[in-house]
Each structure stands twice: as structure tokens, then as C-alpha cells.
Protein chains: 2
Amino acid sequence: MPLGKPRGERADAKRNRLRLLATARRMMAEGGPESVTMDALAERAGLGKGTVFRRFGTRAGIFRALLEEEAVRFQELVLAGPPPLGPGAGPAERLVAYGRVRIGFLVDNLEVARAAMERDSRLPAVQVDMTFAHVRMLLRQADLGVRDPDSLAMQLAAALEGPLLLYVSSGRDAEAPGSEAGLRLADAWQDLVERLFRSGPK
Amino acid sequence: MPLGKPRGERADAKRNRLRLLATARRMMAEGGPESVTMDALAERAGLGKGTVFRRFGTRAGIFRALLEEEAVRFQELVLAGPPPLGPGAGPAERLVAYGRVRIGFLVDNLEVARAAMERDSRLPAVQVDMTFAHVRMLLRQADLGVRDPDSLAMQLAAALEGPLLLYVSSGRDAEAPGSEAGLRLADAWQDLVERLFRSGPK
DNA sequence: AATACAACCGGGGTAAAGTCCGTTTAGAAG
DNA sequence: CTTCTAAACGGACTTTACCCCGGTTGTATT
């Protein structure tokens, strides 16, 4: 009993999903995230409002989807990247490299990331899970003699996640547009990790 | 030139502010944060909606105010507390103690904290500022030989702030109600700090 | 090709956040 | 006590996220 298919996404549904994402991106480029209202999005995409909600659940869901599209690229970069990132270097080096790239990614996608957690307050779980899993993996490999490496991984992941950057980039005077702040954070991350590893494997 | 007063808060305004906060707390105890709508709050407090918005700006503002009331107690505890917290111990010990207490505080106030960042996405700046400032102070005192202690402080503060806890407490199976997760985080924090300091002051 | 049904579509309806502005009042000054 | 004004008040109004459900369409099966 082959049971056919796991009931995949219907062709028309897929078409509409892509159409909506594309439209959302265009609207965002033109008028910022606030301009992407559900009504306007539906109309400009030539679809009903109900359809938009069916696909994305909430407004934040749209931005999450947008962010995830980018995250796929990011993920590939990390997994298949050259040695400081991908396999081929020590855990410390990889962790440093990963953090730097991750921070850069978030800085580049600040607006979307911010919109993605509006009205949800909880972080986009998928993203955090990815970060957490990666950090945990490297931490386990490193085999520092920590009591609870997984919780440590959680704490470290916090330093690489959206809310921190949102804070840094929102409070400060309008000058440093975020990219500079991102650089400082990346350097600090490197310091943090190196210090952590220098304290010895046991 | 005494210049009179800086035009303080009017008596009726103060009365109403307190009345609103008390009402909000009561409503939250009864029906959770979702039950605190602006209309309902205004009505139950016997005031107009405009008044509510004048005082708190946004819905999240109400929860921020609530959280801040608690935070005052917390702040006093930290500043005046017995030696592991207040002055009288080394920076490492103080940092560990502070983190543990801070995590506990947030776990105790998860619901309010979550509601306080709804629809704002940026953290309650006041809170983060406090945490950041405290960590930075202790870090400077410790005089590890870090290139940029302030950025490091930022990263560490991230491990003590709301979003992290929200994530930990929301994703996991419903069993560990958060207090257990908080304990693991607190232990991990201790590990992290101790390791960081063990890596030597230069 | 016909049938069945699950998934999708549309758009009017609801509730709640946030805005506006005319009215009222606290409290300082004369 | 009267006057004056900045601040506070109220509640109707607007906007927008989100829900509902009858009608339509894609897809698999025979």
C-alpha cells in the first residue's frame, strides 16, 4: 500500500503562497513593514484576505516566512561553507565563525526580524532552534568539562539572537546604523568564545 | 529664583494611574493577560479609554509599568542586599549572584514580561539598561583583559534577559513549568561566569 | 470521464488597539 | 473668591488583525 503521497501542497496553493511572499517583499521595499497590512497585501496580490490568513496564520507569520527564506540560504552557507564555518576546523574556530556570520545575518535582516516577532513576543522558534542546535553541537564536540553543556549552549545562543540586536540597534543614537554595532558585537562574541575555550577542557 | 515646581503629576492623574494599575493586576489575576483589554480595563476602573492611553501609551505600556513596579523591589534587593549581591564580595561572586537572582525574578514574572513586549518587539529598555549597567559595572571592576568589556557585558546581559526565558519556557513540554528551566539556566550562568573569570585577568 | 472529497478561496463580520478633539478640572496666581 | 491655563478626561471614530463559512477547485480513484 504505497498510500500515494503525504498529501503535499496543492499546486494552486503553492502558486499563491509564492505570489504572496513576493508581493510582501515588494511592499516592504516600498513602504517598510508597517505598510504591509493584511488587506493591502491580499488586494495587491489579487487574492482574498482569508487566503492570506490560511497560509500564514498571523501577520507575523508572513515575516517569519520571509525570514525563513533567507535563513535557508544562511543555513546552506553554514553547513557547506569553507572550513572556518563548515567542518575542517576546531570547534572554537567554528563557533567564532558561526557567531560572526549569524550576527551579520541578523543585522542584514533587522527589519524583517523585528516584524516577525511583533505580537508574538516569543522568538521565531525555528530560528532559535537552529542557532541553539548548532552551538550545542560545537560545544559538545569541544568537550569542555561543563556540567550542563546544553544550558550553556542556550545562554550563548542568546547572545546571537534577534532581541539583543534589536535592542542594540534601537536604543542608540541614530548614527550607528546597526552594522557598526554588529561589528562590535561580533568582536565581543569572538572574545567571549576564545576566553571560554582558553579556560581549558576540564 | 525658586521657579516653583517642575509641574509635577497632578493629584487626580496619580490617583487614576494607581487605580488603573491595581485594576489591571486584579484582572490579570482573574483572567490572565489576554483578559486585560483596554476597553475592559477602562470600564472596570470607571474611567474613559482615552485616559488609559494617555497614561500608558500602548497596551504593552501597562504591563511595562506593572513590571517596573516589581523591578523596583528587585533593584533594592540587589543594591542593598547581603554581600554576595551587594558590595562586599568579589566581582565574580557578585556577578553569579546577580544572575541567579535576575533569572529568578524573570521566571517569577514571566507572564507580565511576555505581555510587556507584545507588539513592541523591542525589549523594555529600562529593564535591559539596568541589567546591562550592572553587568558592565562588575565586569569593569573585574578588569579581565578584554578588548571591549562593554560589548561583552551586552552579550552576557542577553543571557539574563526575557526573550531567552520566554523561549525556554514556551517551547518545552508543558511539564517543567519554567521554574525548573530557570534553575538549569541559573546553574549554567554560574558555570559561564566562573569559567570566564578563571581564564585569567589578562 | 465521472465522482468524491479534501483543500482552497473570498470577502463580509467582529473585536480590540489606538486616535481625535471638544469638555472638564486641578491648582497656581492675583 | 475669581480667573486662567495646562493638564486630564471621555467616548465616538478609525483602522486593522483575525474569524467564519458557504461556495469553488484541484487531485486521486474508478
Side-chain angles (χ1 to χ4, degrees), chain A residues 1-21 23-24 27-28 31-66 114-122, chain B residues 1-21 23-24 27-28 31-66 114-122:
Chain A
M1 332 141 176
L3 117 86
K5 271 188 190 167
R7 275 306 189 187
E9 185 181 34
R10 237 166 71 171
D12 53 346
K14 175 170 183 182
R15 189 168 7 97
N16 287 341
R17 179 171 51 80
L18 295 177
R19 187 188 189 72
L20 282 169
L21 286 177
T23 307
M27 290 177 75
M28 220 174 102
E34 322 81 54
S35 76
V36 186
T37 76
M38 302 307 257
D39 286 304
L41 176 58
E43 175 160 18
R44 283 195 58 168
L47 296 169
K49 206 179 355 174
T51 306
V52 181
F53 276 95
R54 156 176 302 280
R55 306 236 53 92
F56 300 107
T58 85
R59 184 185 131 94
I62 292 171
F63 296 104
R64 264 203 297 276
L66 245 35
R114 166 178 282 127
M117 41 190 143
E118 257 170 23
R119 203 174 199 37
D120 248 353
S121 80
R122 73 170 182 288
Chain B
M1 279 154 215
L3 123 81
K5 269 190 191 168
R7 273 307 189 184
E9 185 182 33
R10 238 167 68 172
D12 54 346
K14 175 171 183 181
R15 189 169 7 97
N16 287 340
R17 180 171 51 79
L18 296 177
R19 187 187 189 72
L20 283 169
L21 286 177
T23 306
M27 290 177 74
M28 221 173 98
E34 320 82 52
S35 75
V36 185
T37 75
M38 303 305 256
D39 285 302
L41 176 58
E43 174 160 18
R44 283 195 58 168
L47 297 169
K49 193 158 44 149
T51 306
V52 181
F53 276 94
R54 156 175 300 279
R55 305 235 54 89
F56 299 107
T58 85
R59 185 185 130 95
I62 292 171
F63 296 103
R64 266 203 296 276
L66 246 35
R114 167 178 281 127
M117 37 191 147
E118 255 169 25
R119 205 174 198 37
D120 247 353
S121 80
R122 73 171 181 284

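Lettering of chains follows the sequences in order, A, B, ..., and the numbering in each one begins at 1.
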Spacing of Phe53(B) atom CZ relative to dC21(C) atom P, expressed in whole Å: 17 Å
Restricting to side-chain hydrogen bond (donor to acceptor under 3.5 Å, both in side chains), what partner residues turn up for Arg44(A), sequence neighbours left out? Glu30(A)
Atom pair distance, as rounded to whole Å: CZ in Arg59(A) and P in dA17(D): 5 Å
Indicate yes or no: does Glu9(B) engage Arg17(B) in a salt bridge with an N to O separation below 4.0 Å. yes
Base, sugar-phosphate, or nothing for Ala11(A), non-hydrogen atoms under 4.0 angstrom? sugar-phosphate
Just the rounded figure in Å: distance from C1' of dT16(D) to CE of Met38(B). 16 Å
Can you tell if the side chain of Phe63(B) reaches within under 4.5 Å of the side chain of Met28(B), non-hydrogen atoms only? yes
Value in whole Å for how far the P atom of dA15(C) lies from CG of Leu41(B): 19 Å
Return a single string for nucleotides 9-15 of chain D, one symbol per nucleotide in 5' to 3' order, where B is base contact, S is sugar-phosphate-only contact and - is none, cutoff 4.0 angstrom on heavy atoms. BBBBB--
Rounded to whole angstroms, how far apart are CZ on Arg17(A) and P on dG26(D)? 17 Å
How about Arg19(A): does its CZ atom have over 12 heavy atoms from other parts shown lying under 6.0 Å from it? no
Tested for salt bridge (charged side-chain N to carboxylate O under 4.0 Å, His left out) against Asp12(A), the lone hit among Lys14(A), Arg10(A), Arg15(A) is Arg10(A)
Starting from C1' on dT25(D), measure out to CZ on Arg15(A) and report it in whole angstrom. 11 Å
To the nearest angstrom, how far is Ile62(A) atom CD1 from dT16(D) atom C1'? 13 Å
Between CZ of Arg19(A) and P of dG10(C) the distance, given in whole Å, is 10 Å
Begin from the C-alpha positions of Thr51(B) and Phe56(B) and carry the test side chain to side chain contact (heavy atoms under 4.5 Å, CB included) through to its verdict. CA-CA 9 Å; Thr51(B) 306; Phe56(B) 299 107; over 6 Å; no
